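In what follows, chains carry the letters A, B, and so on, assigned in the order in which the sequence lines appear, proteins first and then strands, with residues in each chain numbered from 1. As the structure is a computational prediction, the values presented were derived from the model and not from experiment.
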There are 2 protein chains.
Amino acid sequence: MPSPKRDHLVDTAAALFQRDGFHATGIDTILAQAGVAKMTLYNHFKSKDELIVAALEVEGARYIAWLRARADQAEEPGERLLAIFDALEEWFETEGFNGCVFMKAACEYGPVNNPVHMAAAAQKRAVFDYMLENATSARLRDPRNLAQQLLLLHEGAIAVAHEFGAPIAARQAKRAAAVVIEDAG
Amino acid sequence: MPSPKRDHLVDTAAALFQRDGFHATGIDTILAQAGVAKMTLYNHFKSKDELIVAALEVEGARYIAWLRARADQAEEPGERLLAIFDALEEWFETEGFNGCVFMKAACEYGPVNNPVHMAAAAQKRAVFDYMLENATSARLRDPRNLAQQLLLLHEGAIAVAHEFGAPIAARQAKRAAAVVIEDAG
DNA sequence: TTCCTGATAAACAGGTCTGTTTACATATAT
DNA sequence: ATATATGTAAACAGACCTGTTTATCAGGAA
């Protein structure tokens with residue numbers, strides 16, 4: 001059932017999970033921050049894990065929309081593939097960049113059949129789909145393989161940028177992406 | 001102070017952190033598994049976080065030693081750079097592969113100035129150093145930049161392999177690595 | 001012997017966590 | 001006006017968490 005309280009709860013949860021991680025963020029903290037009663041949470045969700053999944057779905061949609069908005073400014077699909085990494089750089093440069101909530105979810109909920117892990121993987125698959133879409137439009141060789149390699153660079157850039165606090169990882173990923181795209185041209 | 005009990009405790013902790021993550025692994029679980037008394041832990045370490053750092057250091061040394069052992073089988077430094085990704089594939093294929101404990105550490109302890117995060121980053125830097133070493137020996141153009149790009153592929157392969165349960169990520173990373181190495185040749 | 005070190009066992013303290021229960025409030029739609 | 005749905009407040013249960021305290025034990029060295 002949709003509800004403004006529910007939406008606000010999910011948004012607040014997504015922000016706190018993003019910042020502090022999942023195990024480290026207690027329900028009471030989320031409720032206090034959102035200004036929502038505990039029973040409201042448990043009326044809308046069976047458990048904390050269900051709230052986490054909902055937060056990942058909302059945040060996943062938001063990320064993809066943001067990525068498309070940035071990358072689609074480029075006209076040519078080949079250019080869009082590169083523009084993805086410009087968007088990443090912008091993200092890494094933002095004050096308080098703290099890593100990727102989906103990667104954190106996959107890490108904290110290791111088993112691949114865990115619902116939280118699967119929700120995180122679904123978001124990464126959406127990124128892959130966007131890459132495949134453009135690799136195909138650009139009529140590049142073996143677009144599936146290319147998209148997979150670009151996804152590796154996407155994930156690698158996020159991981160390295162966070163591990164070392166090094167936003168420059170985005171630029172290096174872009175350079176590597178240019179090379180593998182050229183190789184498929 | 002070194003001690004067999006201490007070593008066993010650290011080894012046990014490393015294995016459990018690797019499997020279940022850090023917040024999800026309680027001290028009591030580690031102690032029960034190791035067959036060690038709680039006071040022994042707190043005689044050797046001030047806190048759980050200190051144990052985590054020690055476990056990451058030990059596991060980090062083990063990973064680098066394993067990686068070198070695999071990759072150094074290749075004669076040419078250029079071949080070694082590629083052999084890294086064969087080693088990754090071997091790792092991803094092992095039963096019960098569950099992601100990278102250092103990536104998990106960086107994710108669970110987000111702030112880059114957190115001691116646990118820093119211990120994880122130190123291990124990644126050691127991987128970078130090994131790549132730089134070989135990129136330099138191979139007399140490739142801009143070895144520093146190349147090593148950073150290879151590290152991106154290394155991290156990306158680990159992330160994707162875990163997120164999707166897809167060991168094939170190693171092969172794709174190797175192909176991308178071959179292209180960027182060729183480009184620097 | 002006596003002393004010291006390292007380890008053990010078990011209880012305990014004080015927090016925090018998820019999730020439940022219960023009683024009450026508000027608003028809308030029939 | 002009244003039933004239904006939605007939300008609130010606060011206490012509670014029960015588990016789990018890190019870390020401390022206390023008493024005890026075994027072995028080697030002075």
When you compare the protein's N or O atoms with those of nucleotides 8-14 of chain C, which come within less than 3.5 Å of each other, and at what distance?
from: C/dT8; atom 1: OP1; to: B/Lys5; atom 2: NZ; distance (Å): 2.9
from: C/dT8; atom 1: OP2; to: B/Ala37; atom 2: N; distance (Å): 3.1
from: C/dT8; atom 1: OP2; to: B/Thr40; atom 2: OG1; distance (Å): 2.6

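In this structure, the CG atom of A/Leu31 is 14 Å from the P atom of C/dT20, given to the nearest Å. Atom NE2 in A/His8 sits about 13 Å away from atom P in D/dG7, given to the nearest Å. Straight-line distance from the CG atom of A/Asp49 to the P atom of C/dT18: 10 Å, rounded to whole Å. When the C1' atom of D/dG19 is taken as reference, atom CD1 of B/Ile30 falls 14 Å away, rounded to whole Å. In this structure, the CG atom of B/Leu41 is 14 Å from the C1' atom of C/dG6, given to the nearest Å. Taking atom CZ of residue B/Phe22 and atom P of nucleotide D/dT18, one finds them 13 Å apart after rounding to whole Å. Counting to the nearest Å, the C1' atom of C/dT18 and the NE2 atom of A/His23 are 12 Å from each other. To the nearest angstrom, C1' of D/dC12 lies 14 Å from OH of A/Tyr42.
Remark: A/Glu133 engages A/Arg68 in a salt bridge, criterion side-chain N to carboxylate O under 4.0 Å. A salt bridge does not link A/Arg171 to A/Asp86: none of the charged nitrogens lies less than 4.0 Å from a carboxylate oxygen. Ion pairing of A/Asp72 with A/Arg80 is present here, as a side-chain N (NZ or NE/NH1/NH2) and a carboxylate O approach within less than 4.0 Å.
Atom CD of B/Gln33 is surrounded by 12 or fewer heavy atoms from other residues, nucleotides or ligands within 6.0 Å. Within a 6.0 Å sphere centred on CD of B/Glu76, heavy atoms belonging to other residues, nucleotides or ligands number 12 at most.
Listed pair B/His44 / C/dG6 fails the phosphate criterion, with no side-chain N or O lying under 4.0 Å from OP1 or OP2. Between D/dT18 and B/Ser47, no contact under 4.0 Å exists linking OP1 or OP2 to a side-chain N or O.
Closest to the side chain of B/Ile27, from the set C/dT18, D/dT18, D/dG7, is D/dT18.
Remark: the B/Gln149 side chain and the A/Gln172 side chain contain no N/O donor-acceptor pair separated by less than 3.5 Å. For the residue pair B/Glu108 / B/His23, a side-chain donor-acceptor distance below 3.5 Å is found, with atom types taken as modelled.
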